[in-house]
Protein chains: 2
Amino acid sequence: MRKREGNKEKDILDAAVKVFADSGYHRSKVTSIAEAAGVATGSVYLYYPNKESILLKIFDRLWTDFTHTLQETVKRSDYDPVQKLDLVIDHLFNIFVANPALAVVFVNEQQYLINNKKGNIGKHYENFLDLAEEIIHEGVKKKIFNPDVDVKLYRHFITGGIRSVLFYWAQSTPSSSLDRVRLNVKLFLRNGLLL
Amino acid sequence: MRKREGNKEKDILDAAVKVFADSGYHRSKVTSIAEAAGVATGSVYLYYPNKESILLKIFDRLWTDFTHTLQETVKRSDYDPVQKLDLVIDHLFNIFVANPALAVVFVNEQQYLINNKKGNIGKHYENFLDLAEEIIHEGVKKKIFNPDVDVKLYRHFITGGIRSVLFYWAQSTPSSSLDRVRLNVKLFLRNGLLL
DNA sequence: TTGCTATATGAATCAATATTCAATAATACA
DNA sequence: TGTATTATTGAATATTGATTCATATAGCAA
């Protein structure tokens with residue numbers, strides 16, 4: 001029996017993130033991914049049944065991680081809702097600062113996967129939003145947040161806004177201050193524009 | 001000479017909006033667009049040089065309109081910055097309430113066009129953002145808005161958030177209360193989450 | 001009515017690229 | 001060392017769908 005050389009499955013996944021970030025999923029050729037991963041074209045199909053499954057794997061891992069963290073956060077009784085939102089935002093930002101290309105892929109392809117009900121990304125996302133909603137409800141209940149906001153709308157607004165500033169950041173000079181972005185997002189959420 | 005029957009150019013554009021909204025640009029076949037427009041496949045190429053130019057035309061018209069309105073709004077001295085933002089939001093929402101499919105296409109394909117520097121959509125968008133920035137700057141100057149916000153970030157956050165709630169709305173039961181969405185967006189922008 | 005030209009058609013062509021698979025290489029174990 | 005087994009390769013194949021083009025049709029003028 002022959003042993004597998006290195007970890008091609010991971011190499012391919014990492015390479016795919018880079019290639020997808022550069023060219024977008026649809027424009028990315030499987031051959032380019034293979035090349036970037038340092039394997040032959042055919043080898044990709046040894047580890048993934050098709051091109052789409054690579055993208056799905058990337059998102060599945062990401063959302064599983066997000067949801068897990070959010071779940072832990074919602075539970076905590078030692079934090080108030082504002083602190084909980086901060087915690088969640090910190091986690092998201094930490095992931096993406098460690099891997100800007102991942103941020104780009106996330107921003108660009110998320111909608112496509114949801115629209116076309118690919119894999120269980122939609123489920124993951126709904127799950128995540130529901131958990132986020134819990135925090136907001138808690139805030140309203142504790143009279144910290146404005147009860148007039150439509151919570152379902154707000155959670156969409158937040159995620160859309162975050163996606164957008166992440167994209168802006170990821171496109172700009174490498175690793176410019178993500179902390180500035182992070183701080184501002186927290187500010188937007190709490191206080192909006194007014195003094 | 002033979003006269004053109006009806007307005008195929010417009011029929012094709014309108015059909016394309018529907019088809020793109022349903023399947024996304026990349027999955028949409030030119031043949032499907034032709035079918036939806038009630039013309040032959042080849043006729044599409046009588047009016048548009050290729051598939052992409054149809055998408056570009058849709059966006060070009062949209063952004064030209066947006067920018068024009070925003071330009072008019074920025075000028076007005078009879079409104080304060082909060083009212084100006086309201087006016088802009090009203091305009092965006094009015095366009096999309098009249099054509100939900102257009103909202104879907106806008107949300108889904110905008111990023112792709114910008115990423116790949118297609119047509120002059122990026123220019124249009126930058127232009128729009130710059131104008132929006134003027135309103136925010138005015139607000140800060142007049143001590144109505146919080147001077148701590150990073151204006152460039154905020155304009156991205158706003159547009160991303162709006163895009164996201166529009167999408168949510170466009171996907172939900174046809175023409176559910178867009179006014180509720182509109183009202184909430186204004187609320188988010190001004191006050192954020194806190195009481 | 002006839003010929004002319006612009007418009008319209010849709011099957012055939014072409015290009016791009018995802019996927020397959022026959023051939024080759026590397027390792028384990030006898 | 002030789003052989004079996006699995007991993008790897010990348011050129012060939014298959015598929016999909018954008019674009020073309022030879023043909024048909026409709027209106028207009030003479």
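Note on naming: letters A, B, ... go to the chains in the order of the sequence lines (proteins, then strands), and numbering restarts at 1 for each one.
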S.K.: Any protein N or O atoms within reach of nucleotides 12-19 of chain D? Criterion: under 3.5 Å, listing atom names and distances.
M.R.:
| from | atom 1 | to | atom 2 | distance (Å) |
| --- | --- | --- | --- | --- |
| dA18(D) | OP1 | Ser28(B) | O | 3.0 |
| dA18(D) | OP1 | Lys51(B) | NZ | 3.1 |
| dA18(D) | OP2 | Val30(B) | N | 2.8 |
| dT19(D) | OP2 | Tyr45(B) | OH | 2.7 |
| dT19(D) | OP2 | Lys51(B) | N | 2.9 |
| dT19(D) | O5' | Tyr45(B) | OH | 3.4 |

S.K.: Excluding sequence neighbours, so at least two apart, what forms side chain to side chain contact (heavy atoms under 4.5 Å, CB included) with Glu134(B)?
M.R.: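 With neighbours one apart ignored, the set is Val74(B), Leu131(B).
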S.K.: Under 4.0 Å: is that the gap between some side-chain N or O of Lys8(A) and OP1 or OP2 of dA7(D)?
M.R.: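 No, outside the criterion.
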S.K.: Nearest-Å distance, CZ (Phe20(A)) to C1' (dA18(C))?
M.R.: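 That distance rounds to 12 Å.
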S.K.: In whole angstroms, how far is the P atom of dT20(C) from the OH atom of Tyr48(A)?
M.R.: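 That distance rounds to 17 Å.
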S.K.: Go through the steps for Asn108(A) and Phe167(A) under the test side-chain contact (heavy atoms from CB on, under 4.5 Å), then give the verdict.
M.R.: CA-CA 8 Å; Asn108(A) 288 332; Phe167(A) 181 77; 3.5 Å; yes
S.K.: May I have the distance from Ile33(B) (atom CD1) to dG10(C) (atom P), rounded to whole angstrom?
M.R.: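 My rounded result for the distance is 17 Å.
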S.K.: Give me the one residue out of Val107(A), Asp14(A), Ile95(A) that meets side-chain contact (heavy atoms from CB on, under 4.5 Å) with Leu102(A).
M.R.: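 Of the listed options, the one satisfying the test is Ile95(A).
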S.K.: Round to the nearest Å and state the distance from Asn7(A) atom CG to dT8(D) atom C1'.
M.R.: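 Distance check: Asn7(A) CG to dT8(D) C1' gives 15 Å.
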S.K.: Answer with base, sugar-phosphate or nothing: what part of the nucleic acid does Val44(B) contact at a heavy-atom distance below 4.0 Å?
M.R.: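 Here Val44(B) touches no strand at all.
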S.K.: Measure from OH on Tyr47(A) to C1' on dT9(D) and round the result to the nearest Å.
M.R.: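 About 12 Å, once rounded to whole Å.
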S.K.: Members other than Tyr79(B) in its cluster, when Ile, Leu, Val, Met, Phe, Trp, Tyr link by side-chain heavy atoms under 4.5 Å?
M.R.: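 Reading the cluster by chain and number, Tyr79(B) sits alongside Leu87(B).
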S.K.: Distance to the ring centre below 6.0 angstrom and angle to the axis at most 45 degrees; does that hold for Lys118(B) and Phe59(B)?
M.R.: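 Cation-pi check for Lys118(B) and Phe59(B): fails.
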S.K.: Give me the ring orientation class for Phe96(A) and Phe66(A): parallel if the planes are under 30° apart, tilted from 30 to 60°, perpendicular past 60°.
M.R.: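 Plane angle over 60°, so perpendicular.
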S.K.: Write down the distance between CG (Asp11(A)) and C1' (dA7(D)), rounded to a whole number of angstrom.
M.R.: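 So the CG-C1' distance, Asp11(A) to dA7(D), works out to 15 Å.
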S.K.: Could you tell me the separation between the CD1 atom of Ile12(B) and the C1' atom of dT9(C), rounded to a whole number of Å?
M.R.: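 Atom-to-atom, Ile12(B) to dT9(C), this comes out as 13 Å.
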